[in-house]
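Taking it in order: structure first as structure tokens, then the write-up.
All of these numbers come straight from a predicted model, not from anything done at the bench. First listed ligand is number 1; within each ligand, the first listed atom is number 1.
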Amino acid sequence: MTIQWFPGHMAKARREVTEQLKMVDCVFELLDARIPYSSSNPMISDIIKDKPRVVLLNKMDMADPGETKKWLQHFEAEGVYPVMLDAKNGKNLNMVVKAAEAVTKEKFERLAAKGLRPRAIRAMIVGIPNVGKSTLINRLAKKSIAKTGNTPGVTKKQQWIKVGKTLELLDTPGILWPKFEDQVVGKKLSLTGAIKDSIIHLDEVAIYGLEFIQQYELETLNKHYNIQVEADSPYIDIFDAIGMSRGMKNKGNEIDYESVVELVVREIRNAKVGRYTFDRVKELESTDEAE
Ligand code: GDP
């Protein structure tokens, strides 16, 4: 489901997450491993404040493994606990529990020192639409949904899902809005399927994606589409080459650009051309330095 966000929606989402946060010991911030910066909510730190946080880089199966490693190091250096994940195929689920234990260790030691009985860690998932929140909850839930009835302070009925012996997860994730302010971020969000096709012009998205692969993996691009373009070929030549190679022509025997655009976006979105990470740690760090 893709939501059109307006200020009212954002305020409501923030209110709901803030309310749910009162019930948990830590937060799982779910990000798309292909765009860890662009898929983060712009106000996440303000919203979760000093609650222990785990960053889950989901869809690792579609991201560039080398870049994912760099992102993990980047988060570690920032003092955030990161885990890479493939919720769809259930990879690294045990790491999620371990991470929750690690970030809440101090709190539980403090509680134990006060003589309080040990209890399960309570956590919730937050993230922008389509990042994989429901998929992860379903994966972690298996069949063990623990009914606890109404939780005070929240109008909707909340349930806790038992994940092993040590973790309880809120069954409803916090849905937060994506970044809007930047055109490039918008293209990356569209290219990874996080926002509706109608928000950003699909031509722009296809051009961005093709030029990215042209810059980083020219050989793969040529091989995948069975074309021969150069590192400095203009995008229109790449469209033409793909259209020719795939026989995408309209009645007048001209390249059917609309079909080429749709094909390219769909294939990049589903990692059919290769595994790419569109947010590079390096770029992020160089903007930090510039500030
Ligand atoms: P939500 O809006 O955050 O709850 O996102 P969903 O759980 O509905 O997932 C959005 C899409 O991403 C679905 O088509 C999922 O199958 C897919 N998805 C979720 N996690 C992964 C993953 O780790 N790898 C891949 N390849 N797809 C995933």
Side-chain angles (χ1 to χ4, degrees), residues 1-5 9-10 12-14 16-17 20-21 24 27-44 47-48 53-65 67-69 71-72 75 82-97 99 123-142 145 156 158-159 161 163 169-180 185-186 188-199 205 209 265-279:
M1 184 184 59
T2 330
I3 308 164
Q4 295 267 26
W5 292 93
H9 295 146
M10 299 198 276
K12 184 162 177 268
R14 182 174 183 151
E16 282 177 3
V17 170
Q20 288 172 314
L21 277 171
V24 301
V27 178
F28 295 124
E29 181 190 4
L30 202 52
L31 302 176
D32 187 317
R34 295 168 294 174
I35 49 167
Y37 168 74
S38 304
S39 62
S40 66
N41 169 269
M43 300 188 72
I44 189 70
I47 296 171
I48 66 178
R53 166 162 59 141
V54 176
V55 160
L56 303 177
L57 295 175
N58 192 36
K59 309 196 184 187
M60 64 179 262
D61 55 306
M62 298 203 279
D64 177 333
E67 289 298 315
T68 302
K69 213 179 263 175
W71 274 106
L72 293 174
F75 283 114
V83 170
M84 59 178 178
L85 198 66
D86 170 358
K88 195 174 170 186
N89 299 296
K91 295 244 167 73
N92 279 1
L93 293 180
N94 60 335
M95 305 274 283
V96 174
V97 179
M124 70 177 290
I125 293 174
V126 304
I128 65 168
N130 288 323
V131 73
K133 296 179 297 297
S134 321
T135 308
L136 179 60
I137 290 175
N138 288 334
R139 270 277 171 197
L140 291 171
K142 292 186 194 132
I145 295 183
K156 209 167 106 194
Q158 301 272 353
Q159 292 183 341
I161 293 163
V163 186
L169 188 66
L170 265 189
D171 72 336
T172 33
I175 304 168
L176 293 171
W177 61 96
K179 296 186 163 98
F180 304 110
V185 167
K188 291 176 183 177
L189 286 168
S190 176
L191 199 55
T192 52
I195 58 174
K196 264 194 186 143
D197 287 353
S198 57
I199 296 178
V205 178
V265 172
R266 193 178 62 243
E267 291 199 334
I268 299 178
R269 219 174 244 172
N270 297 323
K272 295 280 184 251
V273 191
R275 294 170 63 172
Y276 299 107
T277 299
F278 302 101
D279 282 339

If we number the atoms of ligand 1 from 1 as shown, the ones under 4.0 Å from a heavy atom of A87 are 20 (N), 22 (C), 23 (O)
Atoms of ligand 1 under 4.0 Å from any heavy atom of T135, numbered from 1 in the order shown, are 6 (P), 7 (O), 9 (O), 15 (C), 19 (C)
Going by the 4.0 angstrom heavy-atom rule, the piece of D61 near ligand 1 is side chain
Quick look: M60 vs ligand 1, heavy-atom contacts under 4.0 Å, and the answer is neither
| query | Between D279 and K188, is any pair of side-chain heavy atoms under 4.5 Å apart? | reply | yes
Heavy-atom proximity to atom 10 (C) of ligand 1 ranks first, among I175, N130, N270, for N130
Ranking K88, R139, K133, K59 by closest non-hydrogen atom to atom 12 (O) of ligand 1, top hit is K59
Could you walk me through whether L57 and F75 pass the side chain to side chain contact (heavy atoms under 4.5 Å, CB included) check?
CA-CA 10 Å; L57 295 175; F75 283 114; 4.0 Å; yes
**Study point:** Residue pair Q20, V126: steps toward the side chain to side chain contact (heavy atoms under 4.5 Å, CB included) verdict
**Key:** CA-CA 10 Å; Q20 288 172 314; V126 304; over 6 Å; no
Query - N/O separation below 3.5 Å, G132 to ligand 1 - result: yes
Checking the N or O distance criterion of under 3.5 Å, is ligand 1 in contact with L85?
no
Does NZ or CZ of K179 lie under 6.0 Å from the centre of the six-membered ring of Y37, at an angle within 45° of the ring axis?
yes
- Message: Are there over 12 heavy-atom neighbours, none belonging to M84, within less than 6.0 Å of that residue's CE?
- Response: no
Closest heavy-atom pair, P129 versus I175, reported as atoms and distance to 0.1 Å, is CG-CG2, 4.0 Å
